[in-house]
S.K.: 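Could you have a look at this structure, given as structure tokens, before my questions?
Computed from a prediction, not measured in an experiment: that's the story for all the values here. Just so you know, ligand 1 is whichever comes first in the structure, and atom 1 is the first atom listed for that ligand.
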Amino acid sequence: MSVLVVGTTALDSIKTPKRENPRLLGGSASHAAIASSFFSPTKLMGVVGGDFPAKYIALYKKHDVCTGGLEHVKAGKTFHWSGEYEVNMNNRRTIETVLGVIEHWQPSVPVEYETTPYVLLANIAPQIQNHVLDQMARPKFVVADTMDLWLNIALEEVLRLLKRIDCLVLNDSEARQLTEEDNTVAALPKIHKMGPRYVIIKKGEHGSILSSPKGLFVAPAYPLRKVVDPTGAGDSFVGGMMGFLASQRTGSVDRNLRRAIIHGAVVASFCCEGFGVAVTTKTTRAQIAARVRELEKVAGF
Ligand code: AMP
């Protein structure tokens, strides 16, 4: 079944201790849609300005990502994010965020997207996530991602969104911020009370935890020796997870979500091995399958 991904379509300027790369294809929706496309037909909703290079549209197309929902505002500038990593590659600092055309974006869901069964609201303002959901015709499964910024400046909208989605994905510090609970495991029931039946807490290189009506599932991250650029890893994780989930025709949501999380973690590992989407876009299904088998081995006991 198909997946609709809405989020930021951006130009990212990324600085690591070793290199600086300006104006790469980035944004939560770009990473998530490319990751999802490995497993399921994927439609993208986003907005870009007149400065968005045609070669990036070609990259979406290379992955068969449907760009019918990508708006072009010729007179405006594409959302631009720049960030810098410290030596350990875990800590990053946002240098600048220029909203550009995203600032006044009121997305209108194309008619042919309205019945998409799987909806991924990748990281973007929760007002936009709610607005897109308003236009969808009873999707089968809705996943939302968020970030600390929205918990700080738009908490009411986040809380409204939580009542409408099936699954929330957030990182451990955001879970603590949302619940005012220091212990991540204790934060989980509090998040369920806010709405979602499924909650996934990302712990970066230490993997993730799924909490569902069937209990907890602790998933590993793929053990990487070298991280080149982790930008977009979280988006690739949730995109790969959603694409895999939508590809499953049988089995319970709980069982499929567990396997989907492993596939998301593997796509995220490829993302970390290159700048932007450089390695993700060169990855094959066979390479993904090989890493999934490796993860099965390292995590089984
Ligand atoms: P991640 O590394 O998974 O947290 O995602 C990084 C991506 O998020 C980059 O490609 C950025 O373009 C995008 N991004 C940065 N700031 C924001 C924001 N405020 N809202 C949505 N996306 C953002």
Side-chain angles (χ1 to χ4, degrees), residues 5-16 21-36 44-49 51-52 56 59-60 77-86 89-103 105 107 120-129 132 143-154 157-158 161 169-174 200-205 208 221 224 227-242 264-265 267-281:
V5 178
V6 58
T8 52
T9 42
L11 297 174
D12 283 353
S13 296
I14 301 163
K15 200 169 165 190
T16 67
N21 264 312
R23 301 173 80 73
L24 300 171
L25 174 60
S28 58
S30 303
H31 285 285
I34 289 170
S36 166
L44 172 70
M45 275 187 70
V47 63
V48 294
D51 55 347
F52 195 71
Y56 292 163
L59 265 187
Y60 295 135
K77 291 242 183 285
T78 303
F79 176 83
H80 180 232
W81 175 80
S82 49
E84 181 174 11
Y85 286 89
E86 289 177 13
M89 300 298 283
N90 284 325
N91 300 334
R92 92 173 162 210
R93 183 175 72 86
T94 292
I95 300 170
E96 197 184 22
T97 304
V98 181
L99 293 177
V101 289
I102 262 174
E103 188 168 6
W105 189 41
L120 173 54
L121 305 167
N123 179 30
I124 196 164
Q127 293 89 334
I128 293 181
Q129 294 173 313
V132 167
V143 175
D145 193 357
T146 192
M147 72 186 290
D148 53 354
L149 173 70
W150 312 123
L151 302 179
N152 288 331
I153 68 169
E157 279 289 332
V158 174
L161 180 73
V169 181
L170 72 180
N171 69 31
D172 42 6
S173 62
E174 291 155 4
I200 297 168
I201 297 189
K202 297 175 289 180
K203 292 159 139 329
E205 63 178 320
S208 59
L224 273 184
V227 171
V228 173
D229 167 25
T231 309
D235 309 311
S236 302
F237 168 82
V238 74
M241 179 197 94
M242 192 63 157
V267 181
S269 72
F270 286 108
C271 171
C272 290
E273 288 183 300
F275 272 93
V277 294
V279 170
T280 318
T281 50

S.K.: To which protein heavy atom is atom 2 (O) of ligand 1 closest, and what is the distance rounded to 0.1 Å?
M.R.: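 Going atom by atom, the protein heavy atom closest to atom 2 (O) of ligand 1 ends up being Gly232 N, 2.7 Å.
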
S.K.: Search all heavy atoms of Val228 against all heavy atoms of Thr16 and return the closest pair with its distance.
M.R.: O-CG2, 3.6 Å

S.K.: Just which atoms of ligand 1 are under 4.0 Å from any heavy atom in Met147?
M.R.: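 In order of numbering, the contacting atoms are 18 (C), 19 (N), 20 (N).
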
S.K.: Using side-chain heavy atoms (C-beta onward) and a distance below 4.5 Å, is Asp12 in contact with Phe275?
M.R.: no

S.K.: Would Ser30 and Thr9 count as having a side-chain donor-acceptor pair, cut-off 3.5 Å?
M.R.: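 On atom types as modelled, these side chains do not qualify, holding no pair under 3.5 Å.
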
S.K.: Can you list the atoms of ligand 1 that are under 4.0 Å from a heavy atom of His31?
M.R.: 10 (O)

S.K.: Answer yes or no: is there a donor N or O on one side and an acceptor on the other, between the side chain of Ser236 and the main chain of Gly232, under 3.5 Å?
M.R.: yes

S.K.: Run the numbers on Thr78 and Asp51 for side chain to side chain donor-acceptor pair (under 3.5 Å), then give the verdict.
M.R.: CA-CA 6 Å; Thr78 303; Asp51 55 347; 2.6 Å; yes

S.K.: Considering only the protein, which heavy-atom contact is closest to atom 4 (O) of ligand 1, and what is its distance?
M.R.: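 Answer, as residue, atom name and distance: Arg92 NH2, 3.0 Å.
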
S.K.: Among protein heavy atoms, which lies nearest atom 14 (N) of ligand 1, and at what distance?
M.R.: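 The protein heavy atom lying closest is Phe79 CE2, 4.0 Å.
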
S.K.: Which atoms of ligand 1 sit under 4.0 Å from any heavy atom of Gly234?
M.R.: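 Near Gly234, the atoms of ligand 1 are 3 (O).
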
S.K.: Between Trp81 and Thr97, which heavy-atom pair has the shortest distance, and what is it?
M.R.: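 It is CD1-OG1, 3.7 Å.
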
S.K.: Shortest non-hydrogen contact from Val227 to Met89?
M.R.: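 Minimum heavy-atom separation between Val227 and Met89: O-CE, 3.9 Å.
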
S.K.: Which heavy atom of Val143 sits nearest a heavy atom of Met242, and at what distance?
M.R.: CG2-SD, 3.6 Å

S.K.: Just to confirm my output: which protein heavy-atom neighbour is closest to atom 22 (N) of ligand 1, and how far is it?
M.R.: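 Atom 22 (N) of ligand 1 sits closest to the protein heavy atom Thr8 OG1, 3.1 Å.
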
S.K.: Considering all heavy atoms of both residues, which atom of Ala35 and which atom of Gly240 are nearest to each other, and what is their separation?
M.R.: CB-N, 3.5 Å

S.K.: Between Ser236 and ligand 1, which part of the residue brings a heavy atom under 4.0 Å of the ligand: side chain, backbone, both or neither?
M.R.: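 For Ser236, no heavy atom sits under 4.0 Å from ligand 1.
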
S.K.: Considering only heavy atoms of Ala10, which atoms of ligand 1 have at least one such atom less than 4.0 Å away?
M.R.: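 Answer, ordered by atom number: 12 (O).
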
S.K.: Considering the heavy atoms of Gly26, write down every atom of ligand 1 situated less than 4.0 Å from one of them.
M.R.: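 So the answer, numbered in order with elements, is 10 (O).
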
S.K.: Answer with side chain, backbone, both or neither: which part of His80 has a heavy atom less than 4.0 angstrom from an atom of ligand 1?
M.R.: neither

S.K.: Which heavy atom of Tyr85 sits nearest a heavy atom of Pro230, and at what distance?
M.R.: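 Here Tyr85 and Pro230 meet closest at CE2-CG, 3.3 Å.
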
S.K.: At under 4.0 Å between heavy atoms, which part of Leu149 makes contact with ligand 1: side chain, backbone, both or neither?
M.R.: side chain

S.K.: Using a 4.0 Å heavy-atom threshold (strictly under), name the region of Thr231 that reaches ligand 1: side chain, backbone, both or neither.
M.R.: both

S.K.: Would you call Phe237 a ligand 1 contact, heavy-atom distance under 4.0 Å?
M.R.: no

S.K.: To which of Asp12, Asn171, Asn123 does the heavy atom nearest atom 21 (C) of ligand 1 belong?
M.R.: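 The residue whose heavy atom sits nearest atom 21 (C) of ligand 1 is Asn123.
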
S.K.: Identify, for atom 16 (N) of ligand 1, the protein heavy atom at the shortest distance, and state residue, atom and that distance.
M.R.: Trp81 CD1, 3.6 Å

S.K.: Look at atom 8 (O) of ligand 1 and say which protein heavy atom is nearest, naming residue and atom and giving the distance to 0.1 Å.
M.R.: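 That would be Asp235 OD2, 4.0 Å.
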
S.K.: State, yes or no, whether a side-chain contact exists between Thr8 and Asn123 at a heavy-atom distance under 4.5 Å.
M.R.: no

